[in-house]
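Shown next, in structure tokens, is the structure this report addresses.
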Amino acid sequence: MAILVTGGAGFIGSHTCVELLQAGEEIVVFDNLCNSKITAIENVKKITGKDFPFYVADMLDRDAMEKIFTDHKIDEVIHFAGLKAVGESVQMPMEYYYNNIAGTLILTQTMRKFGCKRIVFSSSATVYGSPKTLPIKEDFPLSTTNPYGATKLMIEQILRDIYHSDKTWSVALLRYFNPTGAHESGLIGEDPNGIPNNLMPRLIKVALGQMPAATVYGSDYPTKDGTGVRDYIHVVDLAQGHLAAIKWVREHEECDAFNLGTGTGYSVLELIQALEIASERPMPITYMARREGDIAACYADPTKAKEVLGWEAKLSVGEMCRDAWNYAVKHQ
Ligand code: NAD
Ligand code: WQD
């Protein structure tokens, strides 16, 4: 009786493993470590004082997937494994489609073979494309502007179709907004390879003195201060959302989508200010043109997750900055 966590050495996966273990769940984890390090797994064990089976395995490797399901009785799957860089997906669409889509098909075929029909999937607010109004509700129209987003949209559709073919499956599609922060221990956090694309890891590099200035992409958006607005969510809150989703898939035979966000939008300048306070370091700013493909504002209506899953985000932007900074200074 265990939950299989795919991509469990990654940023959100490792934090979710901690929450699952602390809630007394049994877990089995695999990751091919293409965007993470084995130290994340060691540190999950350190934080929780608990051991669990970890496989260095690729979800594209059917034999490896079947071995995991043979070795363990898997009741639920939380599916984080995937490639996630929007810009890279435009450069390498075939790799993104193959890894994310073929990998999910092999995983779900293996689940079916072993009679495991409960899955919690890492989707993204990117599936809403450019929303016409805010806040975003789950029944808004779906669209995408890049191959990464297309993989999320397609996997959602694949999982819906699987459910329609066999209504004894249970599928939770979790649409994350902008995850950030780190575990308060400073042992696990976000560790992107190379030059990061996302705002918080880039601001951290500026605060550490590894980048000269915070680049603000666009100051003429129709927002409170002209800069882009997003719904930043603490990764520990997000991880706890997966516990609520696991409970839901255990109790329902349904397929449904849930926004995991705070419901509050913060601008780029507000995030810079919050990190300046957390790091006690002033941040030089360079204003740039808008980044291609960006939308002005994006934030969730998280009511459904609260009403149906009984989950809501609790941690503030100040706490996100404090914990991201704590992790960064320990790992620079
Ligand atoms: P991450 O890159 O830190 O974690 C993903 C993990 O999957 C990595 O450890 C990677 O090594 C592993 N992986 C990739 N392909 C694999 C394969 N074929 N076999 C086995 N392991 C494989 O990313 P994250 O931020 O933790 O994101 C987790 C999930 O959430 C992803 O599916 C991502 O698309 C989704 N998501 C992330 C964000 C975000 O901003 N971080 C937002 C919305 C959705
Ligand atoms: C946030 C805001 C930028 C960097 C991406 C993916 C999305 C999801 C989360 C996976 C925007 C601005 C950024 C910088 C800036 N991932 N910005 N200067 O674009 O909302 O979402 O990550 O599913 O799919 O698209 O996040 O952190 O890149 O940007 O001004 O140096 O910060 O314009 O307004 P985004 P982000």
Side-chain angles (χ1 to χ4, degrees), residues 5-16 29-38 40-41 55-61 64-65 78-87 89 95-96 98-100 102-104 106-107 121-129 144-146 148-149 151-152 155 174-180 188-193 195-203 205-206 211 213-219 221 223 227-233 235 238-239 242 260-261 265-269 271-272 285-299:
V5 183
T6 85
F11 173 45
I12 306 169
S14 57
H15 288 81
T16 302
V29 182
F30 81 84
D31 198 300
N32 68 0
L33 304 179
C34 71
N35 195 39
S36 51
K37 299 187 185 78
I38 188 79
I41 296 296
Y55 294 77
V56 179
D58 196 309
M59 64 178 165
L60 292 163
D61 180 347
M65 292 301 99
I78 307 183
H79 181 25
F80 295 105
L83 299 175
K84 66 160 183 177
V86 171
S89 78
E95 283 73 13
Y96 270 67
Y98 184 55
N99 189 72
N100 293 3
T104 300
I106 290 169
L107 176 72
F121 172 60
S122 299
S123 188
S124 165
T126 194
V127 300
Y128 295 113
T144 180
T145 52
N146 58 73
Y148 165 73
T151 70
K152 292 294 172 197
I155 295 169
L174 303 184
R175 297 178 181 153
Y176 312 153
F177 280 67
N178 288 59
T180 189
I188 51 173
E190 193 172 13
D191 222 347
N193 289 332
I195 300 169
N197 293 308
N198 292 119
L199 181 60
M200 180 71 97
R202 287 173 67 87
L203 296 182
K205 290 235 174 247
V206 179
M211 275 171 60
T215 49
V216 176
Y217 297 140
S219 50
Y221 283 113
T223 57
T227 67
V229 165
R230 295 291 182 275
D231 186 340
Y232 299 97
I233 174 166
V235 64
L238 192 62
H242 294 74
L260 296 191
Y266 283 87
S267 72
V268 175
L269 293 178
L271 197 70
I272 290 174
I285 292 175
T286 304
Y287 287 93
M288 318 261 289
R290 291 180 180 189
R291 190 173 63 178
E292 204 187 316
D294 273 355
I295 55 176
C298 171
Y299 50 92

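Heads up: numbering here begins at 1 and tracks the sequence. Just so it is clear, the structure is predicted and the values come from calculations on it, not from any experiment. When a ligand or atom number is given, it counts from 1 through the structure's own listing order.
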Backbone or side-chain N or O of N32 under 3.5 Å from ligand 1 N or O: yes
N/O separation below 3.5 Å, S123 to ligand 1: no
Aromatic ring proximity F121/H242, centre distance under 6.0 Å: no
Every residue of the protein that comes under 4.0 Å of ligand 2, judged on heavy atoms: V86, S124, T126, Y148, N178, N197, N198, L199, R202, T215, V216, Y217, G228, R230, Y232, V268, R291, D294
N or O pair under 3.5 Å between N99 and ligand 1: yes
Which residue and heavy atom of the protein sit nearest atom 2 (O) of ligand 1, plus the separation: N35 ND2, 2.7 Å
Contact with ligand 1 for E190, non-hydrogen, under 4.0 angstrom: no
Proximal candidate to atom 32 (O) of ligand 1 [heavy atom criterion; set Y148, F30, F121, F80]: F80
Protein contact of atom 19 (N) of ligand 1 - nearest heavy atom, named by residue and atom, plus distance: M59 N, 3.0 Å
For N178, all residues meeting side-chain hydrogen bond (donor to acceptor under 3.5 Å, both in side chains), sequence neighbours excluded: none
Check: F11 N/O within less than 3.5 Å of ligand 1 N/O: yes
Partners meeting ring pair (Phe, Tyr, Trp, His ring centres under 6.0 Å) with Y96 (sequence neighbours left out): none
I12, any N or O under 3.5 Å of ligand 1 N or O: yes
Sub-3.5 Å N/O-N/O distance, C34 and ligand 1: yes
Any donor-acceptor pair under 3.5 Å from K152 side chain to S122 backbone: yes
Top protein contact for atom 38 (C) of ligand 1, by heavy-atom distance: P179 CG, 3.9 Å
For D294, all residues meeting side-chain hydrogen bond (donor to acceptor under 3.5 Å, both in side chains), sequence neighbours excluded: R291
Contact check: F177 vs ligand 1, nitrogen or oxygen atoms, below 3.5 angstrom: no
N198-ligand 1 polar pair, N/O distance under 3.5 Å: no
Any A40 heavy atom less than 4.0 Å from ligand 1: no
Which residue and heavy atom of the protein sit nearest atom 4 (O) of ligand 1, plus the separation: G10 CA, 3.5 Å
Distance-only N or O hit between ligand 1 and A81, under 3.5 Å: no
